[in-house]
Amino acid sequence: MINTVPIDYYIWLSIILFSIGVLGVLYRRNAIIVFMCIELMLNAVNLLMVAFSSYLNDGAGQVFVFFIMAVAAAEVAVGLAILILMYRNAKTIDIDVLNRLKW
Amino acid sequence: MTVFLIFFPLLASLLLFLLKPVQAKVIAFIVSLIELIVSLMIAFQFNEGQLIPQYGIDIPWISTLGLNFAVGMDGISLLLVLLTTLLVPLIILSSFSHQYSKPSTFYGLILMMQMALIGVFSAQDGLLFYLFWEVALIPIYFICLIWGGEDRARITLKFFIYTLAGSLFMLVGLVYLYLHTSGQHTFAMQALYEAGRALPAHEQGLVFWALFVAFAIKMPIFPFHTWQPDTYTVAPVQGTMLLSGIMLKMGIYGVIRWLIPVVPEGVAEWGFTAVTISVIGIIYGSCIAIVQKDFKRLIAYSSIAHVGLISAGTLTLSTTGVQGAMIQMLSHGIIVFGLFFIVDIVSQRTNTRMLSSLGGIRNAAPTLATVFMIIMLGSVALPLTSGFIGEFLLINSIFQYQHILGAVAGLTIILGAVYMLRTFQKSMSGELNAVTTGFADLTTHEKWVLYPVVLLVIIIGIYPAPLLDLSEPAVANLLKIYSNMSASIK
Amino acid sequence: MTLNAFYFLSFVAVLSALMVVFSKNPVYSVLYLIITFFCIAGHYILLNAQFLAVVHVIVYAGAIMVLFLYVIMLLNLNEDSEPHKSALLRVVATICAGLLVIVLIGSLKGTEQMIQQQPADTGIGLVKNLGKVMFTDFLLPFEITSVLLLAAMVGAIMLGKSDAVKR
Amino acid sequence: MVTSELIVALIPFFPLLGFLIVALNPGRISEGTTSIVACGVIFISFVLSLISFFTILGGTTSIDVHFFRWISAGGFTASMSFLVDPLSSLMLLIITGVGFLIHVYSVGYMHGDNGFSRFFSYLNLFIFFMLLLVMGANYLVMFIGWEGVGLCSYLLIGFWFKNQPYNDAANKAFIMNRIGDLGMLLGIILIIVNFGSIQYSEVLTQATSVDPSIITTITMLLFVGAMGKSAQIPLYTWLPDAMAGPTPVSALIHAATMVTAGVYMVARNNILYAMSPATMELIVVIGLATALFAATIALTQNDIKKVLAYSTVSQLGLMFLALGLGSFTTGIFHMATHAFFKALLFLGAGSVIHGMGNEQDIRKMGGLKKYLPITYMTFLIGVLAISGIPPFAGFFSKDEILANAFAQNRIVWVIAVVASLLTSFYMFRLLFLTFFGKERASHETMHHVHESPKSITIPLIVLAALSVVGGFMGVPEALGGSHWLNGFLAPVFEPSKALIVGHELSHSTEYMLMGIIVGLTILLLFIAFSRYVTKGHVPAAEGQISNPVQNILYHKYYIDELYNAIIVKPLYWLSAIFDNVIERLGIDNLVNGSGKLVVASSRVARRIQTGSIGYYIFAMVIGIVLILAAVLVQG
Amino acid sequence: MNALFVICGLGIFTLVAEIINFKKGLISVVIMGLLAALVTLYLDFGTISMHFSDMLLFDRFSMSFTGLIILITVFWFWMANDYFKLQPHITDRSALILFTVVGAVIMTSFNNMSMLFLGIEILSISLYVLAGSKKDSIISTEAAFKYFLMGSFATGFLLMGIALVYGATGSFHITKIADFISTHKGQLPTFFYGGVLLMLVGLVFKISAVPFHFWAPDVYEGSPTSITAFMSTVVKIAAIAAFYRIFAFCFQDVEGTWINVMTVIAILTLIVPNVTAVYQNSVKRMLAYSSVGHVGYILLGFISSSEASAGTIFFYLSAYSVASITAFTVLHSIESYNRTTTVDYFNGLFKKNPLMAVAMTIALMSLAGIPPLPGFFGKYMVFALALHRGHTYMVILAIITSLIGVFYYFRIIVAMFFAEPADSEISELPSSTRALLIVLIAVSFVMTIFADRVVGLLQ
């Protein structure tokens with residue numbers, strides 16, 4: 001039933017989502033938003049994986065997506081912990097405020 | 001035997017570092033004496049006729065790099081090893097009047113230096129040669145850095161990086177040869193020789209420059225000498241002696257052993273340029289020496305002039321020239337050591353090295369004056385001193401190579417006289433002045449250092465034949481390739 | 001009909017994704033992101049990855065985004081506390097992203113050369129098949145993931161809890 | 001049994017021994033011992049030289065002694081070996097003989113000087129080197145002596161080293177000699193190149209087989225050496241300054257022996273020189289010029305030793321003239337006689353100075369003949385000898401030179417005559433100003449004036465005797481002599497005979513020439529006498545010389561100033577340029593600059609690391625875009 | 001394989017130790033365990049074994065690198081034990097370190113993209129935490145934050161790459177992909193190449209090569225010194241091993257796509273960090289730059305011959321890591337005495353504590369590549385490879401940069417031997433540290449003497 005949708009569409013879609021994620025990372029200074037955008041990027045990859053796996057008719061792709069999800073979860077856990085730590089120390093989550101380390 | 005010569009001082013130096021004995025200087029002196037005795041034993045039972053290296057070993061070290069621990073000595077190596085083992089004890093003895101902080105480190109470094117130098121002179125493997133070459137740089141760097149004089153940090157670092165840069169080019173050259181060795185790549189000397197000779201002419205030219213620049217910086221000859229006067233001036237006098245007496249010879253040795261036989265066509269193509277540069281260096285060095293005010297610096301420049309002559313003579317590719325270089329290396333090593341020691345004595349007693357403020361020392365210290373006179377005569381190449389033998393042979397070879405260059409190079413005996421006599425007059429002659437009154441004559445241990453020097457200067461001058469014979473066959477052997485070349489051209 | 005579904009889902013997904021980036025209030029961003037995730041889940045269903053779709057909704061919409069919301073509440077971020085990049089930077093950012101899209105799409109031609117254009121059986125997305133793959137071929141990664149989660153857990157706790165020792 | 005080789009070997013050995021004994025025990029042995037040792041060794045080697053001289057005379061053509069291989073490299077070998085043949089044996093006699101006398105003289109002269117033993121060690125060393133010079137069987141051994149004597153002259157000129165001007169003079173002497181020596185060295189090298197050997201025995205015999213043009217170069221270069229050593233134009237200026245040394249030194253080194261080394265060298269290589277007319281002409285020109293030039297300067301000098309110094313220079317000029325004319329014997333002849341009378345004159349002058357308490361200015365002397373009778377007498381003989389009054393030694397040799405000149409080229413002859421007449425004139429001037437006329441010295445000086453001790457006067461007398469009879473070793477046929485010297489030296493000059501076109505003068509012409517010369521000399525004698533004794537004319541003091549010509553002469557044609565301007569100054573200037581411009585500004589900056597460049601660029605580069613994440617991510621994304629774009633281009 | 005298990009077990013054990021409150025001898029137990037892991041490794045060294053349906057491949061390559069990693073970790077624990085003493089959470093930290101090592105080992109031995117991905121993530125996530133483990137220090141937090149944000153961003157690209165490669169080749173298995181590529185040369189979809197490059201980006205970020213290196217200096221400087229030491233040694237080894245495995249074993253046949261990009265990156269990585277390091281005043285940051293710079297030499301060796309360079313890279317890495325662990329040990333003890341690490345705190349160190357000075361000197365000289373220290377042989381092998389490939393100009397560039405290297409390394413040496421002692425008080429080192437330094441010095445010379453063996457591990 002999906003055979004009407006060519007694979008290229010999915011590729012394009014996921015690329016666009018991915019790029020939006022990148023755009024967000026570049027565009028926003030709020031660490032949480034940036035972080036969310038990274039999650040968006042990962043989801044774009046997931047979508048692509050699934051698309052490929054079903055077009056290649058191979059389960060491995062979808063299994064891989066599980067791992068990505070696991071990793072994403074782990075990253076979120078750690079990431080948010082770091083965010084809170086940062087907020088605790090710097091009283092801000094603006095990514096451009098933190099530049100004591102330079103040169 | 002060679003292995004012993006190399007590792008015994010290393011061992012001793014490590015012990016000095018670890019145990020920090022009180023009598024470091026004495027221990028070091030004894031060690032160096034043992035070295036001297038061993039090397040003399042070798043020299044006496046040496047078979048100069050036999051062309052393959054003697055008293056050596058050859059064991060694989062890093063086969064993946066084609067690096068073998070191959071050491072051994074032919075006549076050329078032996079002469080320079082002798083120079084090293086002879087000078088090091090004298091240098092150590094000459095330091096007895098100094099009170100250096102951390103003496104064990106100081107003497108340990110000197111011994112380590114000796115290890116490296118003997119290694120350089122006896123290495124039969126390209127990469128091994130390079131290793132020792134660099135290793136020699138480290139102790140002398142620290143000697144200068146820790147016990148040196150004004151502004152030493154900058155100067156010594158410049159010295160280090162500059163010479164390192166040069167030798168890295170040498171490394172590239174060697175690797176280039178290594179990659180052209182036939183079959184299983186190796187750094188074995190003969191293999192490198194064959195590889196180099198097999199190269200097409202223009203590549204030989206490139207390799208020539210890669211190697212020559214390294215050697216030129218080490219010697220140093222004009223215009224690669226900029227590190228030298230500062231370093232000689234700033235280094236503690238023992239360091240200066242090591243630098244000028246022995247280390248300078250590494251460059252010449254490199255040319256003789258690792259340049260001339262390796263890339264004959266490259267040398268044939270660029271030799272003339274190199275000789276010309278060296279000859280310019282002679283005049284340049286002498287002229288600057290004439291106007292120097294600092295005693296030590298003056299001798300530094302004079303050494304540039306002398307080494308220029310040596311390298312020019314070496315690059316004429318005639319047995320005469322190379323033999324002259326050999327004997328002159330020996331003689332220059334001894335003489336320059338003596339001169340620097342005299343500088344040290346003078347500056348220790350008067351706290352100045354400015355010629356203008358010295359004078360009349362001859363009244364107070366006739367012995368010193370006489371010794372200085374003899375050594376000075378040696379350095380201006382008066383016949384019956386060791387200096388003459390070398391300079392005669394060198395000028396001879398250069399003159400045969402190219403009359404004009406020969407004549408210009410000959411000017412060294414005039415200019416040399418000009419600045420040395422000036423130095424002697426300004427420091428020794430005249431009336432005593434405020435600085436030099438109460439100048440004490442040589443102490444016993446100073447005599448023990450200087451009398452051997454004087455004796456050697458004269459003895460070598462009167463009867464150099466044994467020394468010349470020692471290296472003649474080896475030199476002839478190294479230069480055979482050229483006679484073959486010219487034969488093939490004819 | 002699937003094609004239309006695809007178009008619709010994609011449209012919503014992209015739109016809400018953009019809103020994630022551009023909406024001023026972090027809370028809105030979170031909500032938009034959740035919408036996007038739902039759309040992606042829809043795509044999974046279109047692609048016969050039903051099980052994955054479910055897991056996706058549970059993990060992301062259910063767990064991760066809630067976590068985000070918590071944090072935002074915790075730090076009580078809202079519109080006015082929101083830092084802004086300078087206009088110039090925004091333009092540059094947009095241009096960069098645009099370039100990225102172009103380049104990617106440009107370099108992603110040639111799908112016709114793919115081994116297999118059409119899915120044969122539509123059952124791979126079912127739990128049974130996935131389970132097979134996961135617990136035969138991908139057993140080790142699955143186990144290793146536990147190490148990963150363990151590490152993350154330890155780390156999060158370590159950073160999260162304030163040390164009585166220090167203060 | 002003592003072989004002649006051993007004797008020859010011992011000749012230089014003893015002076016060396018003496019040197020070592022004296023030099024290695026500074027202050028430990030008394031003046032007495034020192035003088036005994038120093039003179040003794042010289043005397044021994046004098047005796048030995050006599051023996052070997054008679055051996056030669058007895059018909060042995062030459063004595064060769066080979067010691068050991070000295071330098072050998074690349075197929076060429078220089079051996080340490082001696083050769084004694086008529087020429088060198090003659091030289092040996094002069095060196096050891098005159099040397100011995102001067103040693104004896106010095107004992108008295110240097111008495112009480114705190115450098116006494118040092119002085120004698122130097123003297124012995126000098127004799128040793130001088131012997132090496134004349135005995136060497138090859139060019140390099142000669143070169144050893146050649147440089148060695150230069151060294152000793154340096155040491156002795158700067159003997160009173162507290163006096164910096166003296167040291168300057170010493171340095172000047174050494175360096176100027178070095179210039180000559182370089183020429184010589186190159187000449188020797190050329191010989192090595194073309195002959196493959198440096199033994200006289202081989203070189204001189206193969207000479208004819210070598211391209212003459214090369215020979216010319218060789219001889220020219222060797223002659224440069226001679227210029228330096230024998231103070232010929234343009235390298236003569238050191239000799240007058242060398243008078244800074246003690247007077248015996250001037251007598252021994254700068255009159256009798258060392259300065260004549262050049263003559264010896266040319267005579268030794270007569271065959272080579274004979275083969276290259278060009279060089280011979282050069283020698284003639286140089287010789288003549290020097291003779292005249294120096295003589296003119298001597299006319300106006302007031303320092304007693306300076307006068308003698310310039311006269312030495314001009315006499316050397318005459319000797320070279322003789323050599324240049326191809327009559328090598330004559331050259332040697334004049335050298336020998338000159339050795340006698342010039343040594344005599346110097347020692348006499350020394351005695352005067354000694355007597356006057358180190359006064360050297362003849363303007364402050366006069367009327368000394370009754371105070372220093374012996375000195376006066378001997379000095380007079382010396383003057384007569386040098387000015388060629390028969391039958392004194394100078395007459396024969398000088399006359400022979402002039403005869404040769406006349407025979408070959410009249411102009412040369414005229415100039416030579418002028419030179420020799422000038423010589424006689426200034427010698428008379430010297431004589432009269434010193435010993436005749438009224439006493440010009442201050443009273444107490446005159447009060448202290450005294451005749452010198454025996455050790456000084458005896459050598460004077462002996463030398464005077466020699467100056468009288470010395471000439472008889474070469475009485476020309478014209479005067480019924482056999483010219484013994486000719487015969488004696490014949491084997492040495494045999495090879496060159498063929499190449500020199502001999503000019504025979506009829507006896508009548510010879511008489512005529514002698515007549516003219518002697519006549520004119522006598523005439524000058526009277527002119528001088530009337531001018532300086534009867535009229536009592538005294539040369540003007542410094543700066544009051546009105547006559548410009550005289551002024552120029554007095555300032556020695558300003559040659560020293562000239563050299564200073566065209567050689568010394570530029571050298572220092574050049575060195576300064578090297579040191580300050582090329583070294584400091586050029587090379588050093590080049591190297592240090594590169595270091596500074598690195599630091600500067602680092603200063604800039606670290607700014608890239610701004611520290612803000614947004615920026616880093618931008619950088620990453622841009623990087624990615626570029627990379628992908630690259631692939632896109634690849635297709 | 002067993003080594004991997006041992007380390008996992010060790011990690012879990014340390015966590016358990018928290019519960020049973022066993023902290024005294026923990027570090028020594030850990031070291032014991034690691035040594036045990038080394039032993040197991042030694043036992044099955046030389047065998048080639050696939051595990052878990054080809055998820056892991058333990059060949060000589062992975063085993064050597066694993067061995068190196070474990071060895072360095074041992075040294076690290078030895079050096080950092082006081083870091084544990086001073087801080088709380090001893091168990092968590094050592095557990096995290098051990099998990100990092102697990103990740104590292106996986107990165108050397110993976111045979112499947114999923115393993116690569118998981119390995120990288122285990123490593124990274126633990127490191128994010130460790131970087132921020134100095135919780136009260138804002139610097140440390142900033143380091144953690146930067147590292148985390150950019151790390152996960154880069155991960156996105158890596159995943160994108162993996163996805164595309166998967167799409168093109170239909171598999172995650174390295175070997176299968178390699179076969180597929182070699183069979184389908186020329187008819188691969190274009191986006192495959194895009195995928196390769198995106199993976200390149202992801203991995204280049206991990207090995208911190210220019211222009212993806214920006215995080216490195218900041219993170220290295222911000223993290224606690226001991227963690228920095230860990231990052232610049234173990235983590236770097238793992239990252240480069242993974243990098244090498246992917247590009248030398250898997251994408252060998254499509255070299256054309258990435259070799260030029262890699263060359264450019266190598267050149268930039270040679271120049272930028274080395275030049276920047278000159279003007280640093282904080283030794284820690286300087287070392288950070290230098291460690292970025294060393295990646296340049298490794299890349300140079302890699303592009304010169306991506307298949308033959310394994311031995312070279314391995315030797316280079318071992319020389320590099322031994323040297324820098326030494327340097328960091330000294331730096332660490334300096335820092336522990338006076339809270340900062342600017343150059344002037346090294347002034348006159350030679351007078352006050354010769355051992356430290358000498359160890360530091362040897363380390364720096366090895367880093368600078370001065371004979372006869374192992375660092376030289378590493379550099380030398382790289383140059384030889386490059387010259388062999390004809391990259392003469394790059395070699396000359398590398399020579400110049402290594403001269404610049406000498407310039408900044410020797411600033412410290414000069415300070416230690418030349419300058420007058422600063423008022424910083426260096427009391428006697430703890431004996432364990434002294435022992436460690438001596439051992440490390442010994443190791444570096446042993447490496448010189450038996451360089452052949454070290455390189456031989458991979459043949």
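Side-chain atoms are counted along with the backbone in the values below, which use heavy atoms only and exclude waters and symmetry mates. Lettering of chains follows the sequences in order, A, B, ..., and the numbering in each one begins at 1. Because the structure is predicted, anything quoted here is derived from the model rather than measured.
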Partner chain B: residue of D:V193, D:N177, D:V591 with the largest heavy-atom pair count (under 4.5 Å): D:V591

Quick check on B:T320 against chain D: is it the side chain, the backbone, both or neither that has a heavy atom closer than 4.5 Å? both

Does D:K162 NZ have over 12 foreign heavy atoms under 6.0 Å away?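 Open: at most 12 neighbouring heavy atoms sit under 6.0 Å from NZ of D:K162.
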
Give a yes-or-no answer on whether the side chains of D:S121 and D:N124 include a donor-acceptor pair shorter than 3.5 Å. no

For the residue pair D:F67 and D:F82, categorise the inter-ring angle as parallel (less than 30°), tilted (30 to 60°) or perpendicular (more than 60°).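 Perpendicular: the ring planes of D:F67 and D:F82 meet at over 60°.
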
Can you tell me how the ring of B:H225 sits relative to the ring of B:Y301, calling it parallel under 30°, perpendicular over 60° and tilted otherwise? perpendicular

Contacting region of B:I161 [heavy-atom separation from chain D under 4.5 Å]: neither

With no hydrogens and no angle check, do the side chains of D:D181 and D:W146 hold a donor and an acceptor under 3.5 Å apart?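 Short answer, yes.
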
Identify which part of B:L479 has an atom lying under 4.5 Å from any heavy atom of chain D, answering side chain, backbone, both or neither. neither

Contact part of B:V322 toward chain D, heavy-atom cut-off under 4.5 Å: side chain, backbone, both or neither? neither

So, are B:R297 and D:D579 salt-bridged, with charged N and O less than 4.0 Å apart? no

Tell me, for B:I327 versus chain D, whether the close heavy atoms (under 4.5 Å) come from the side chain, the backbone, both or neither.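 It is neither, since no heavy atom gets under 4.5 Å.
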
So which part of B:A465 gets closer than 4.5 Å to some heavy atom of chain D, the side chain, the backbone, both or neither?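 Both backbone and side chain of B:A465 come within 4.5 Å of chain D.
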
Verdict with reasoning, D:F19 to D:F128, per ring-ring contact (aromatic ring centres under 6.0 Å, His included): CA-CA 9 Å; D:F19 161 69; D:F128 166 72; 8.2 Å; no

Is chain D contacted by the side chain of B:E472, its backbone, both, or neither, given a heavy-atom distance below 4.5 Å? side chain

Non-hydrogen atoms of chain D under 4.5 Å away: do they reach the side chain of B:A289, the backbone, both or neither? neither

Could you tell me which residues satisfy side-chain contact (heavy atoms from CB on, under 4.5 Å) with D:T77, sequence neighbours excluded, listed by chain and number?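 Once residues adjacent in sequence are excluded, the partners of D:T77 under the side-chain contact (heavy atoms from CB on, under 4.5 Å) criterion are D:R69, D:S72.
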
Side chain, backbone, both or neither: which part of B:L468 has a non-hydrogen atom closer than 4.5 Å to chain D?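 Contact with chain D: side chain only.
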
By a 4.5 Å heavy-atom criterion (distance strictly below it), what part of B:F222 contacts chain D: side chain, backbone, both, or neither? side chain

If I measure from the heavy atoms of chain D, does B:N363 come under 4.5 Å with its side chain, its backbone, both, or neither?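 B:N363 touches chain D through backbone and side-chain heavy atoms alike.
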
Contact origin within B:P366 toward chain D - heavy atom pairs under 4.5 Å: neither

Side chains of B:N396 and B:Q400: any donor to acceptor distance under 3.5 Å?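 Present: a donor and an acceptor within the cut-off.
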
What part of B:L382 gets closer than 4.5 Å to chain D, counting heavy atoms only: side chain, backbone, both or neither?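 Contact with chain D is through both the backbone and side chain of B:L382.
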
Which bit of B:Y284 is near chain D, if near means a heavy-atom gap under 4.5 Å: side chain, backbone, both or neither? both

Would you call the rings of D:F68 and B:Y463 parallel, tilted or perpendicular if under 30° counts as parallel and over 60° as perpendicular?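 D:F68 and B:Y463: perpendicular rings.
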
